[in-house]
Amino acid sequence: MKICVIGLGYVGLPLLFSLTKKFNVTGFDISKKKIDQLQNNADYTGEVSNKKLKKINFNVTNKKSELKNFDVYIVCVPTPVFKNKNPNLNFIKQSSKIVGNAIKGSKLKPVIVLESTVYPGCSEEICIPIIEKYSNLKLNKEFYFGYSPERINPGISKHKLNNTTKIISSSEKTSLKKLKKIYRSITKKIYVAQNIKTAEAAKVIENIQRDLNIALMNELSMIFNRIDINTKDVLKAAATKWNFSNYEPGLVGGHCIGVDPYYMSYLTKKIGLNKNNMILAGRKTNEYMNNFIIKNLFRLIRLKGMKLKKSKILILGYTFKENCNDVRNSKILEIFKQLKNKVDKVDLFDPIARNDQELIYFKKNILRKLDYKKKYNAVILAVKHDYFIKMNVKKILSLCDNNKLFFDLKGVFDKSYSVFRL
Ligand SMILES: NC(=O)c1ccc[n+]([C@@H]2O[C@H](COP(=O)([O-])OP(=O)(O)OC[C@H]3O[C@@H](n4cnc5c(N)ncnc54)[C@H](O)[C@@H]3O)[C@@H](O)[C@H]2O)c1
């Protein structure tokens with residue numbers, strides 16, 4: 001079976017490498033730069049080490065002409081939102097066109113599988129008609145369509161492709177067999193959803209639920225900070241009840257949790273259901289957390305009798321989540337922008353963040369390594385990277401001046417060391 005993985009990012013690349021062990025697989029990405037990097041054995045997602053890459057025999061291309069005659073195409077392209085928060089379906093549309101053209105005239109009855117997160121109904125409304133148009137083939141007669149959402153958690157995480165349940169669905173029963181064979185080569189845990197829409201909905205609600213739960217924790221954290229009790233202590237006590245769900249307060253950045261609720265709210269508006277009070281309810285609170293942190297920072301700086309305009313701040317960690325090198329939509333980088341003109345200096349340090357285009361703006365403020373001779377008026381530990389957890393807290397505190405304004409946002413160290421945590 002010949003498989004083509006389309007879109008080689010955080011989702012597509014690990015999939016390509018997993019499938020390569022069992023099948024004849026080609027990876028396609030429109031970005032020539034990414035293909036060049038991969039051909040030079042550099043995985044920019046950080047998921048596979050350069051050393052490991054050298055040992056894997058893989059095939060990648062950015063040439064559309066090389067996309068013919070595959071049995072299966074698995075599409076893993078981005079699904080962001082526009083500035084107005086409407087879904088940006090351009091990548092989905094473009095990749096559907098590419099696949100449509102690629103399967104034109106195919107007698108292989110290919111299966112196209114979408115892995116990107118979308119709203120329920122998107123595959124049938126957007127992808128399938130485009131593929132039919134450009135291929136001149138008919139769904140369920142000359143090609144099949146499946147949806148299998150990705151649930152990996154990039155970074156040092158126990159949730160990997162091979163131990164996470166994979167939901168699969170298809171437009172037609174016999175093509176499911178092919179999908180089962182493919183995905184069973186990666187994980188033993190397969191769940192067949194009733195249909196494509198159900199599988200699409202299952203994925204998007206996972207992230208909506210998470211967004212809402214984190215928002216609740218954030219709101220509680222703001223209350224507990226005001227009444228001077230520790231959020232972690234409260235959550236630890238509450239978790240002793242058998243049905244209390246564990247969530248932590250935090251900054252919601254990235255391109256999934258903070259984005260996916262807008263896909264669902266787009267659908268609800270489209271189908272004329274305007275009573276979707278819950279779906280976006282967490283967004284406002286989660287978006288406000290930057291301001292909450294900054295307000296507390298400024299309050300404490302002033303309380304110590306320091307002038308804001310003269311203060312120097314160090315931020316430790318600026319990826320959008322722990323142990324992952326991805327800086328897209330990082331809330332910490334937003335905090336940096338909010339602070340930049342209000343204080344004298346803000347330095348950024350992250351031992352694992354990837355050197356992304358997005359970082360050009362911050363270049364002058366990014367430290368390659370920490371200089372322990374330097375003293376800052378406040379230090380913010382923003383991301384719970386293993387690197388920081390393993391660091392001695394005394395070393396971090398030695399970067400603070402005598403006021404010891406240490407913000408441990410995620411409560412990495414004992415609460416006695418910090419003046420603020422969420
Ligand atoms: N990253 C995650 O943790 C994660 C987890 C689960 C689901 N998802 C979802 O998976 C999808 C992909 O996410 P990602 O993080 O891998 O994105 P990414 O930005 O890391 O990678 C997407 C890749 O697709 C390429 N691309 C864009 N348009 C293309 C086209 N027309 N043809 C070929 N390649 C194209 C881009 O160049 C890029 O390399 C999104 O819908 C996302 O919401 C992501």
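Heavy atoms only: backbone and side chains are in, while hydrogens, waters and symmetry mates are out. Everything quoted here is computed from the prediction, not taken from an experiment. Order of listing sets the numbers, starting from 1, for every ligand and every atom in it.
The two residues Lys34 and Tyr44 have their closest heavy-atom pair at NZ-OH, 3.2 Å. Taking both residues in full, the closest heavy atoms of Ile6 and Ser95 are given as CG2-CB, 4.3 Å, listed atom of the first, atom of the second, then distance.
The protein non-hydrogen atom at the shortest distance from atom 11 (C) of ligand 1 is Val77 O, 3.3 Å. Atom 1 (N) of ligand 1 has His255 CE1, 3.1 Å as its closest protein atom, hydrogens excluded (heavy atom only). For atom 7 (C) of ligand 1, the closest non-hydrogen atom of the protein is Glu150 O, 3.5 Å. Of all protein heavy atoms, the one closest to atom 5 (C) of ligand 1 is Ile152 O, 3.7 Å. Annotation: atom 32 (N) of ligand 1 to nearest protein heavy atom, Phe28 CE2, 3.6 Å. Looking only at heavy atoms of the protein, atom 21 (O) of ligand 1 is closest to Gly9 CA, 3.1 Å. Protein heavy atom closest to atom 37 (O) of ligand 1, with residue, atom name and distance, is Asp29 OD1, 2.6 Å. Summary of contacts: the protein heavy atom closest to atom 24 (O) of ligand 1 is Gly7 CA, 3.3 Å.
The closest heavy-atom contact to atom 18 (P) of ligand 1, among the options Arg151, Arg328, Gln94, comes from Arg328. Nearest-heavy-atom check against atom 42 (C) of ligand 1 across Leu114, Asn90, Thr117 picks out Thr117. Nearest residue to atom 26 (N) of ligand 1 from Leu15, Val259, Ile30, Leu8 is Ile30 (criterion: closest heavy atom). Distances from atom 27 (C) of ligand 1 to the heavy atoms of Ser95, Pro154, Pro78 put Pro78 nearest. Compare Ile257, Asp326, Thr79 by their heavy atoms: the one nearest to atom 41 (O) of ligand 1 is in Thr79.
Between Val11 and ligand 1, an N or O atom pair is found at a separation short of 3.5 Å.
For Ile98, every heavy-atom contact with ligand 1 shorter than 4.0 Å involves the side chain, none the backbone.
Using a 4.5 Å cut-off on side-chain heavy atoms (C-beta onward), Thr61 and Ile35 make no contact. Looking at heavy atoms from C-beta onward, Tyr266 lies out of side-chain contact with Val81 at the 4.5 angstrom threshold.
With Tyr361 as the aromatic partner, Lys337 meets the cation-pi criteria of under 6.0 angstrom to the ring centre and within 45 degrees of the ring axis.
Asp326 and His255 share a donor-acceptor pair across their side chains, judged by distance under 3.5 Å alone. For the residue pair Asn195 / Thr198, a side-chain donor-acceptor distance below 3.5 Å is found, with atom types taken as modelled.
Note on Lys331 versus Glu334: salt bridge recorded, some NZ/NE/NH1/NH2 to OD/OE distance being below 4.0 Å.
Applying salt bridge (Lys or Arg N to Asp or Glu O under 4.0 Å) to Asp347 and the options Lys364, Lys374, Lys312 leaves one that passes, Lys374. For the side-chain hydrogen bond (donor to acceptor under 3.5 Å, both in side chains) with Tyr119, the qualifying choice from Lys197, Glu125, Glu200 is Glu125, the only one to do so.
Every atom of ligand 1 is numbered from 1 in the order shown, and the set under 4.0 Å from a heavy atom of Ile6 is 32 (N), 33 (C). The atoms of ligand 1 that sit less than 4.0 Å from any heavy atom of Lys203 are 6 (C), 7 (C). Every atom of ligand 1 with a heavy atom of Phe91 under 4.0 Å away is listed here by number and element: 27 (C), 28 (N). Within ligand 1, counting atoms from 1 as listed, the ones closer than 4.0 Å to a heavy atom of Tyr44 are 20 (O), 39 (O).
Around CG of Asn57, the count of heavy atoms belonging to other residues, nucleotides or ligands within 6.0 Å does not exceed 12. Residue Lys97 places its NZ atom among 12 or fewer non-hydrogen atoms of other residues, nucleotides or ligands, all under 6.0 Å distant.
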